[in-house]
Amino acid sequence: MPYDPTRHGPRRIVGPGFHERVFALVRAVPTGSVTTYGDIATALGRKGVARQVGYAMAALPEGSDVPWWRVVAAGGRLSVAPVTRREQAVRLAAEGHRLGDDRVLDFAARRHAFVPC
DNA sequence: CGGCTGACGACCT
DNA sequence: GAGGTCGCCAGCC
């Protein structure tokens with residue numbers, strides 16, 4: 001069943017652990033840049049956990065300080081649930097991104113490079 | 001403690 | 001391009 005905020009209950013409180021590390025990385029993405037689930041997974045040291053990164057994003061509470069809209073799918077695609085995707089497109093456009101066909105154009109140039117601490 | 005639930009990605013037909 | 005398969009795992013009930 002696809003993610004549906006109207007049916008999947010209240011937002012959950014963010015706890016310590018994996019989710020928190022994901023959120024910390026997303027907070028490090030500056031305005032005007034984007035990153036991907038896979039890049040975050042790689043930055044965490046495990047290439048294969050892009051899916052888990054997505055799950056972490058789904059658990060974000062509303063009103064958090066995490067710029068979730070800067071996280072796109074591989075290749076710059078917008079792949080979240082339709083309602084959220086519209087919101088994401090609006091926010092990305094507001095940060096100067098050009099969008100087309102559910103994609104971030106110039107994705108390669110706007111992709112954030114995570115630096116090791 | 002077991003079961004369930006998910007914003008993915010690479011690769012294959 | 002459109003499907004399907006498989007690997008991946010934390011957090012909540």
Side-chain angles (χ1 to χ4, degrees):
Chain A
M1 182 192 301
Y3 174 73
D4 181 354
T6 66
R7 285 165 23 83
H8 282 103
R11 308 300 184 160
R12 300 192 174 118
I13 306 296
V14 178
F18 180 82
H19 285 193
E20 204 171 276
R21 285 190 287 158
V22 170
F23 302 150
L25 285 172
V26 178
R27 285 192 196 96
V29 179
T31 301
S33 293
V34 293
T35 189
T36 70
Y37 302 96
D39 282 350
I40 291 171
T42 301
L44 286 171
R46 295 179 202 175
K47 281 190 173 164
V49 300
R51 193 172 187 181
Q52 279 61 244
V53 173
Y55 297 155
M57 297 304 291
L60 270 179
E62 199 154 358
S64 83
D65 60 340
V66 177
W68 57 265
W69 58 91
R70 293 176 192 153
V71 183
V72 298
R77 294 189 318 281
L78 307 191
S79 66
V80 296
V83 176
T84 308
R85 187 175 64 219
R86 247 193 325 276
E87 172 78 4
Q88 182 173 30
V90 169
R91 288 176 181 263
L92 286 174
E95 295 189 345
H97 296 284
R98 294 189 309 110
L99 305 177
D101 196 35
D102 281 338
R103 275 180 180 263
V104 175
L105 305 180
D106 280 343
F107 162 69
R110 294 170 173 275
R111 183 179 180 183
H112 178 65
F114 285 106
V115 292
C117 296

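These figures come from a predicted structure and were not determined experimentally. In what follows, chains carry the letters A, B, and so on, assigned in the order in which the sequence lines appear, proteins first and then strands, with residues in each chain numbered from 1.
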All pairs passing salt bridge (Lys or Arg N to Asp or Glu O under 4.0 Å) where residues 33-54 of chain A contributes a residue, at least two apart:
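Every salt bridge (Lys or Arg N to Asp or Glu O under 4.0 Å) pair that includes a residue of residues 33-54 of chain A, provided the two are not neighbours, is D39(A)-R111(A).
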Once salt bridge (Lys or Arg N to Asp or Glu O under 4.0 Å) is applied, what residue pairs with a partner in residues 72-91 of chain A remain, sequence neighbours excluded?
R85(A)-D102(A), E87(A)-R91(A)
So if you build clusters from Ile, Leu, Val, Met, Phe, Trp, Tyr with side-chain heavy-atom gaps below 4.5 Å, do I40(A) and V34(A) land together?
yes
Verify the cluster assignment for V66(A) and V90(A): are they in a single hydrophobic cluster under the rule of side-chain heavy atoms below 4.5 Å apart?
no
Quick check: closest heavy atoms across V71(A) and Q88(A), and the distance to 0.1 Å?
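For V71(A) and Q88(A), the tightest heavy-atom pair comes out as O-NE2, 2.9 Å.
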Smallest heavy-atom separation, F114(A) atom then T35(A) atom, equals CE1-OG1, 3.1 Å
For A93(A), side chain to side chain contact (heavy atoms under 4.5 Å, CB included) partners two or more places apart:
none
Measure from OH on Y55(A) to C1' on dC4(B) and round the result to the nearest Å.
11 Å
Expected rows: protein N/O vs nucleotides 3-5 of chain C N/O, under 3.5 Å:
none

Looking at dA10(C) and F18(A): do their rings stack (centroid distance under 5.5 Å, interplanar angle under 30°)?
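No; centroid distance or tilt outside limits.
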Donor-acceptor contacts under 3.5 Å from residues 22-31 of chain A side chains, at least two apart:
residue: R27(A); atom: NE; partner: D65(A); partner atom: OD1; Å: 3.0
residue: R27(A); atom: NE; partner: D65(A); partner atom: OD2; Å: 3.1
residue: R27(A); atom: NH2; partner: D65(A); partner atom: OD1; Å: 3.2
residue: T31(A); atom: OG1; partner: R70(A); partner atom: NH2; Å: 3.0

Contact list for DNA chain B against residues 40-54 of chain A - heavy-atom distance below 4.0 Å
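Heavy-atom contacts with DNA chain B come from A50(A), R51(A), G54(A).
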